Number of protein chains: 2
Amino acid sequence: MKEQVPDVVIQRLPMYAHILRALKDVGVESIGSRELGAMLRTTPAQIRKDLSYFGKFGKQGMGYDVGQLLSEVTHVLGLGRPWSLALVGTGRLGRALIEHKGFVDEDFQMVAVFDKNHRRIGRKLGGLVIQDVVELEQTVKERGIEIGIVAVPPGEAQRIIDTLVRAGVKAILNYAPIVARVPKGVQLRQITPLHSLQSMTYYLKPGYVAPAPVAEQRTKKKTRESGI
Amino acid sequence: MKEQVPDVVIQRLPMYAHILRALKDVGVESIGSRELGAMLRTTPAQIRKDLSYFGKFGKQGMGYDVGQLLSEVTHVLGLGRPWSLALVGTGRLGRALIEHKGFVDEDFQMVAVFDKNHRRIGRKLGGLVIQDVVELEQTVKERGIEIGIVAVPPGEAQRIIDTLVRAGVKAILNYAPIVARVPKGVQLRQITPLHSLQSMTYYLKPGYVAPAPVAEQRTKKKTRESGI
DNA sequence: CCGTGTGAACCGCTTCACAGCG
DNA sequence: CGCTGTGAAGCGGTTCACACGG
């Protein structure tokens, strides 16, 4: 149990939950930090440290109870209860998002979709009637929608984000490639695949040489050969 | 000019490039670290530090030449020449990716698409004929495809990634929600919107209280009243 | 003087190493 | 004993503060 949980830890927890659910589904009941670390491509120390921010869930000598740890992580993240989403923009991307199974799981429910194109308004998408974007603010307020998903062209994205914020949304997932502005206290996540590509190319350039693999400490001691 | 460039800096450069291009398009010729910082939502110090890793592009008292800085950043990232992409998986997501304008810009060109579904193989998608995924490895090798985009179901993703790696791809953009394994030297970026949502909810929970705004240093001195 | 470039201080996260519990 | 939980050390990145160039 600690003071403040680092942001990085929070961002790792969804992966923890993901793996733990998979383990549970397969019937694994207990797991150690070593194996869990291997599955998540981190170190055992990282696992233990991360979990220590929330409490002591492990049993020394044994490891962690998968089911218990899963529900703990789930609870920390605020999952296990449904969150309501609104999608703005029903172009190719918006439609793909809403129809792509797995984008939304049981904890996230799309409850309204918006577009400004009058040819689309009134049609159905994913079981919802597409509303005129002018209704966005009021609908979000009335229905207490908590999270907004922005899939509109770049030129309109900031305006939509401002509207969502004004309507009281506290978290936004933005697919438009802009440097969005949100007030403090509003969460923003950016999905910008182009930027991912553009940063990978740096490491692919002829000039790039990988950093030395730490050079030292290929010792692998630590096996405690003194003991017997 | 420095030794090794931090990864975080590389990941910020696409945004730098994005903003600089926008500025250039609008006719802005010069910009200071203060304004650039404001546009990128960082501090001037961050901007100057980041740029210092590559050289000295600014003129003291003035600022940075937008065009020059843009081409510098572009060059550092290895852009300005085309990179070839292969898409694997032409379900809803894959189709949305390839048809969504703006996903790929002039520096990234999709040159092959694959699927395992025989109903889709042979059809055209984005101007390309969908190939059988069994041809993936050979085609990637033959055509020297450099980057792979994975948009297949989770259960098949790791196998596809392994195949891409075997074929010589050095960078992979993966949309499947798995904890993928790639050998060192291969770049991997994960696009997992569900995890973004799941980490945002932590900050939306009733229990969460924002960290104190640093408390001190609301002094705003630094006006250098000692000088004269 | 204004604003860049940069060593140095600072800060937060990761890794280490080990005390302690089952 | 094995493995968790954790203070402490280590490290990378950010922020500060100022020397220096136009």
Side-chain angles (χ1 to χ4, degrees), chain A residues 1-13 30-38 40-66 68-69 72 211-228, chain B residues 1-13 30-38 40-66 68-69 72 211-228:
Chain A
M1 206 73 83
K2 272 293 159 43
E3 340 80 52
Q4 251 290 24
V5 184
D7 287 355
V8 265
V9 174
I10 298 302
Q11 283 167 27
R12 277 194 290 267
L13 288 188
S30 176
I31 191 164
S33 62
R34 179 166 19 248
E35 300 103 297
L36 195 50
L40 288 160
R41 322 254 172 255
T42 10
T43 61
Q46 178 90 82
I47 301 282
R48 295 200 301 274
K49 188 56 128 180
D50 282 1
L51 297 181
S52 78
Y53 286 106
F54 308 107
K56 311 185 178 188
F57 312 120
K59 311 233 181 296
Q60 279 94 332
M62 312 311 272
Y64 301 89
D65 178 276
V66 170
Q68 185 204 337
L69 190 52
E72 200 60 52
V214 191
E216 318 300 335
Q217 85 212 57
R218 188 67 261 124
T219 42
K220 207 325 177 76
K221 58 140 177 356
K222 187 94 305 317
T223 28
R224 199 185 298 203
E225 75 287 347
S226 59
I228 291 197
Chain B
M1 208 71 85
K2 270 295 158 48
E3 339 82 53
Q4 250 290 24
V5 183
D7 287 356
V8 264
V9 174
I10 297 303
Q11 282 168 27
R12 276 195 289 268
L13 289 187
S30 177
I31 190 164
S33 61
R34 184 171 8 254
E35 299 103 298
L36 195 50
L40 288 161
R41 323 252 172 260
T42 9
T43 62
Q46 179 89 82
I47 300 282
R48 296 201 299 275
K49 188 57 127 180
D50 283 0
L51 297 180
S52 77
Y53 286 106
F54 307 106
K56 311 185 180 191
F57 312 120
K59 310 233 182 294
Q60 277 96 332
M62 313 309 274
Y64 301 90
D65 179 276
V66 170
Q68 185 204 336
L69 189 52
E72 199 59 52
V214 191
E216 320 298 334
Q217 88 212 55
R218 186 67 263 122
T219 42
K220 206 325 177 75
K221 60 150 176 347
K222 182 98 303 320
T223 28
R224 194 187 301 206
E225 76 287 345
S226 59
I228 291 196

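By convention in this document, chain letters (A, B, ...) are assigned in the order of the sequence lines, proteins followed by strands, and residues within each chain are numbered from 1. Atoms considered below: every heavy atom in the structure, side chains included; atoms not considered: hydrogens, waters and symmetry mates. Nothing here was measured: the structure is a model prediction, and the numbers come from that model.
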Crowded around A/R34 CZ? As in, over 12 foreign heavy atoms under 6.0 Å? no
Picking from [options], which would you name as closest to the side chain of [X]?
X     : options                : answer
A/S52 : D/dG5, C/dG5, D/dT14   : D/dG5
A/Y64 : D/dG13, C/dG5, D/dT4   : D/dT4
A/R48 : D/dC16, D/dG13, C/dA17 : C/dA17
B/R34 : D/dG5, C/dG3, C/dT14   : C/dG3
B/Q60 : C/dG20, D/dG13, D/dC20 : D/dC20
B/K56 : C/dT6, C/dC16, C/dT14  : C/dT6

Categorize A/G61 for me: base, sugar-phosphate, or nothing, with a 4.0 angstrom heavy-atom threshold over every strand shown.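 The residue A/G61 makes base contact.
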Under 4.0 Å between any heavy atoms, over every strand shown, what does A/T42 touch: base, sugar-phosphate, or nothing? Just pick one. nothing
Calculate, to the nearest 0.5 Å, the distance between atoms OG and CD belonging to A/S33 and A/Q46 respectively. 11.5 Å
By nearest-heavy-atom nucleotide on DNA chain C, the more 5' of B/M62 and A/M62 is B/M62
Without decimals, in angstroms, what is the distance between [X] [atom1] and [N] [atom2]?
X     : N      : atom1 : atom2 : answer
A/I31 : D/dC3  : CD1   : P     : 12 Å
B/R12 : D/dG13 : CZ    : P     : 9 Å
B/K59 : D/dG22 : NZ    : P     : 9 Å
A/L40 : C/dT14 : CG    : P     : 13 Å
A/K49 : D/dA8  : NZ    : C1'   : 9 Å
B/E35 : C/dT4  : CD    : P     : 8 Å
A/L36 : D/dC3  : CG    : C1'   : 13 Å
A/D50 : C/dT15 : CG    : P     : 10 Å

Phosphate OP1/OP2 of C/dT4: any B/S33 side-chain N/O under 4.0 Å: yes
Assess whether side chain to side chain contact (heavy atoms under 4.5 Å, CB included) is satisfied between B/L69 and B/L51, documenting all intermediate values. CA-CA 9 Å; B/L69 189 52; B/L51 297 180; 3.9 Å; yes
Evaluation steps, side chain to side chain contact (heavy atoms under 4.5 Å, CB included), between B/R48 and B/Y64: CA-CA 10 Å; B/R48 296 201 299 275; B/Y64 301 90; 3.7 Å; yes
